Amino acid sequence: MEKILISKKQGFFYSLKKRVVSSRFLIMMIIPAIIYYAVFCYIPMYGVLIAFTDYNSYLGIMGSVSQNWVGFQNFQEIFRYPHFWDTFKNTIFIGSLKIVISFISAVLMALIINELRMRFFKKFAQIVVTFPHFLSWVVVASLFIMILDNTGVLNNFLSKNGMEPVHFFADPHLFRTLLFSSDVWKEAGWSSIIYIATMAGISTDLYEAADIDGATRLQKIWHITLPGIKPTAILLLIMSVGGVLSAGFDQIFNMTSRLTNPDVIDAVNIIDTLVYQFLQTGMPEGQSTAIGLFKSVIGFALVITTDRIAKLCGERGII
Amino acid sequence: MAKVKIEKLPLAKKDKPGPSHKFGRMDVVLFIILLVFALLIIFPFYYLFIVSITPPDIYMNNPAVIWTPRVTFEAYKGVFEDRNIWNGFGITCILLFGGTAYQIFFTTITGYALSRSKWFGKNFVMNMILVTMFFGGGLIPYYILIKSLGMTNTIWVMIIPGAIDTFNMLLMRNYFASLPKELEESARIDGANDVQIFVKIFLPLSLPMLATVGLFFAVGNWNSWYNGMLFNSDYSIRTLQQVLQDIITEPSANIPILNPERVNEENFKTAAIFFTIIPMMMFYPFLQRYFVKGIVVGAIKG
């Protein structure tokens, strides 16, 4: 019995060695990636332990864990912080509405471009509507500020013609609306591409059969095109659900960069901007990390849950 | 899902749904909607350009300019003479060329290694990478890491942490995996070694995908500001986007002293914005199909 085990072991190690030697080139190629992900993704993941400590930069992560362990105290403190729940609610609200709005706008844009018969105009329009995706939020926010600010073209035009100016950057509700619309402005065209490609992959036979049955164009969209993009849409929705709590730091940071009105800033404060403010104002690292960890865990749980629900409904999941 | 060859993208086959090619009432509606949306996108750029070339006296009388009878290029002269903007442009160019090459190199070799059939440890590495797509440590541990690596206030912080982008890496991997396996086998029979197979056979065949991934990286580098803002307080290594950010948020401190008769603050701001987007505007119409190709191939195979 023992002999067999030993020989099995030798065999295992022998074949292991052979396998390593035969793939040494590929292993060499992957080493930078292993180092990269270990350093820039896994060390920060290990760093979440800071959330359970009273972090002290002299002690470092390890020292803080062994000497300043405080358990869930940081979480209790951030949950007690009244700003935190407002921010959390904002994040959920802005993040989820953004997913819904961008999904609808992308599908609508895809339907329009797919249905339109004018080839040349379609090509031109597609270049135009996908372009803003490639601008940074620094630029896009400056554009929106230049045009919609109190001294921007719109308000100057309105006041010149005796109308009430619209204070997009001073009213919390209007400013939130501006967040959603600027997101559509920037991303609708680009996100539609994937749906257009999926629509182009739907078999023409289906449409021909529908024609024979005398279906109208809207009926064809409803019964063929939309079901045709359903798997892609579900896949992308699951992917985006994990980002609900991200809600767009770049956008909000740049759009609020010139604001001083606390009502407006509070109305669009999200978890990421809160962590950034914590970092800037030198709040304890333990608490800021706790907020970040809270966000990551909820995001991860959301992806898993949506994936399970999608699978229960008979769709293809991602995990 | 179905594998689609890159030359025959479904997107290329236009006008598929339905053989009814009549231009109906619905097309008019769709045309108008799309036209309005496109105009909404074009208008801000047009307006910005007009503001940047409107002389201050005309702008003072009517800030809602849609058209200007007289044109001045003083603001552009100011932008071209501004040392901060040129400095930012230089830093951004370092990222654009150096950073992009660095990212392409590491992303490509990783994608290639993960595309080859079986080798020891492949599943482990793949899972290790996929986990990072769904879970991260958050900003503070990352910040502490970068600080302890001594990368704050250096240009490296805008380059090194971007070595591999998981999405682009998977694009490359899927593309390499879609090339016929027989290529590798026949090359091996002809006596090629691993390095030769990669450099002489797979790399030349994947040039279209390399172009796409490279363009994604290049755009990312051109638009880079986040890491710089977070980790660098040194003004001499601001990227172009950061310089622009400072010009828009704190005009008084970041706009050079100008002759108010010939150029005002708004002129300068809009000209600076234009300076950062003109390269994109010039190249984008010709490169659009590469970007589209990337996203479509990635989605269909992923």
Side-chain angles (χ1 to χ4, degrees), chain A residues 19-20 23 25-26 29-30 32-34 36-37 40-41 43-45 47-48 50 112 114-117 119 125 127-132 134-136 138-139 142-143 146-147 153 156-157 160 193-194 197 200-201 204 207-208 211 217 220 242 257-258 275 279 285 288-289 292-293 296 300 303, chain B residues 10-11 13-14 16-19 23 26-27 30-31 33-34 37-38 41-42 44 47-48 63-64 106 109-110 113 116 119-120 125 128-129 132 134-145 161 163-164 194 219 223 225 241 244-245 248-249 273 276-277 280 284-285 288 292 295-296 299:
Chain A
R19 274 153 69 204
V20 170
S23 51
F25 176 68
L26 296 173
M29 274 179 130
I30 206 73
I34 293 177
Y36 172 78
Y37 282 99
F40 288 104
C41 298
I43 290 182
M45 268 190 222
V48 298
I50 292 170
I112 291 172
N114 189 54
E115 284 293 318
L116 199 62
R117 295 268 175 267
R119 235 169 221 240
I127 289 177
V128 171
V129 297
T130 52
F131 176 66
F134 294 96
L135 300 173
S136 68
V138 177
V139 168
S142 335
L143 290 178
M146 298 289 305
I147 289 171
V153 62
N156 280 320
F157 178 78
K160 213 180 90 181
I193 284 180
I194 195 104
T204 4
Y207 292 101
E208 277 157 18
D211 279 334
R217 235 165 128 178
K220 279 189 275 181
S257 61
R258 253 172 44 125
V275 175
L279 186 70
E285 283 89 347
S288 347
T289 313
L293 179 60
S296 301
F300 188 63
V303 174
Chain B
L11 211 60
K13 294 182 245 161
K14 284 277 159 67
K16 266 187 86 184
F23 191 87
M26 196 166 144
D27 288 288
L30 294 176
F31 168 73
I33 296 174
L34 196 56
F37 199 86
I41 285 173
I42 293 171
Y47 168 70
L48 234 58
F106 284 108
I109 60 169
T110 309
R116 295 301 88 201
W119 47 272
F120 177 71
V125 176
M128 173 184 168
I129 291 172
T132 65
F134 297 105
F135 197 83
L139 179 62
I140 305 293
Y142 182 66
Y143 189 84
I144 292 172
L145 168 77
I164 300 169
D194 287 318
V219 170
N223 288 336
W225 61 275
Q241 302 284 335
L244 178 69
Q245 212 172 26
I248 302 290
T249 50
I273 296 177
T276 61
I277 55 179
M280 296 280 277
Y284 185 69
Q288 193 235 11
V292 169
I295 191 100
V296 170

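Values in this document were obtained by computation on a predicted structure and should not be read as measured data. Quick note on labels: first sequence line is chain A, next is B, and so on, each numbered from 1.
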Problem - CZ/Phe120(B): more than 12 non-hydrogen atoms of other groups inside 6.0 Å - result: no
So for [X], is it side chain, backbone, both, or neither that comes closer than 4.5 Å to the heavy atoms of chain A?
{"X": "Gln288(B)", "value": "side chain"}
{"X": "Leu139(B)", "value": "side chain"}
{"X": "Ile41(B)", "value": "both"}
{"X": "Tyr284(B)", "value": "side chain"}
{"X": "Leu48(B)", "value": "side chain"}

[options]: which one forms the most heavy-atom pairs within less than 4.5 Å of chain B?
{"options": "Val275(A), Ile43(A), Leu279(A)", "result": "Leu279(A)"}
{"options": "Leu293(A), Val48(A), Ile112(A)", "result": "Ile112(A)"}
{"options": "Gly292(A), Pro44(A), Gly47(A)", "result": "Pro44(A)"}
{"options": "Val128(A), Val138(A), Leu135(A)", "result": "Val138(A)"}

Are any of the side-chain heavy atoms of [X] and [Y] separated by less than 4.5 Å?
{"X": "Ile30(A)", "Y": "Arg116(B)", "answer": "no"}
{"X": "Asp194(B)", "Y": "Met29(A)", "answer": "no"}
{"X": "Met280(B)", "Y": "Phe131(A)", "answer": "yes"}

Practice task
Heavy-atom pairs under 4.5 Å with chain A are the metric here; pick the option from Ile164(B), Val219(B), Ile248(B) that has the most.
Solution key: Ile164(B)
Problem - For Phe300(A), ring pair (Phe, Tyr, Trp, His ring centres under 6.0 Å) partners two or more places apart - result: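 So Phe300(A) forms a ring pair (Phe, Tyr, Trp, His ring centres under 6.0 Å) with Phe135(B).
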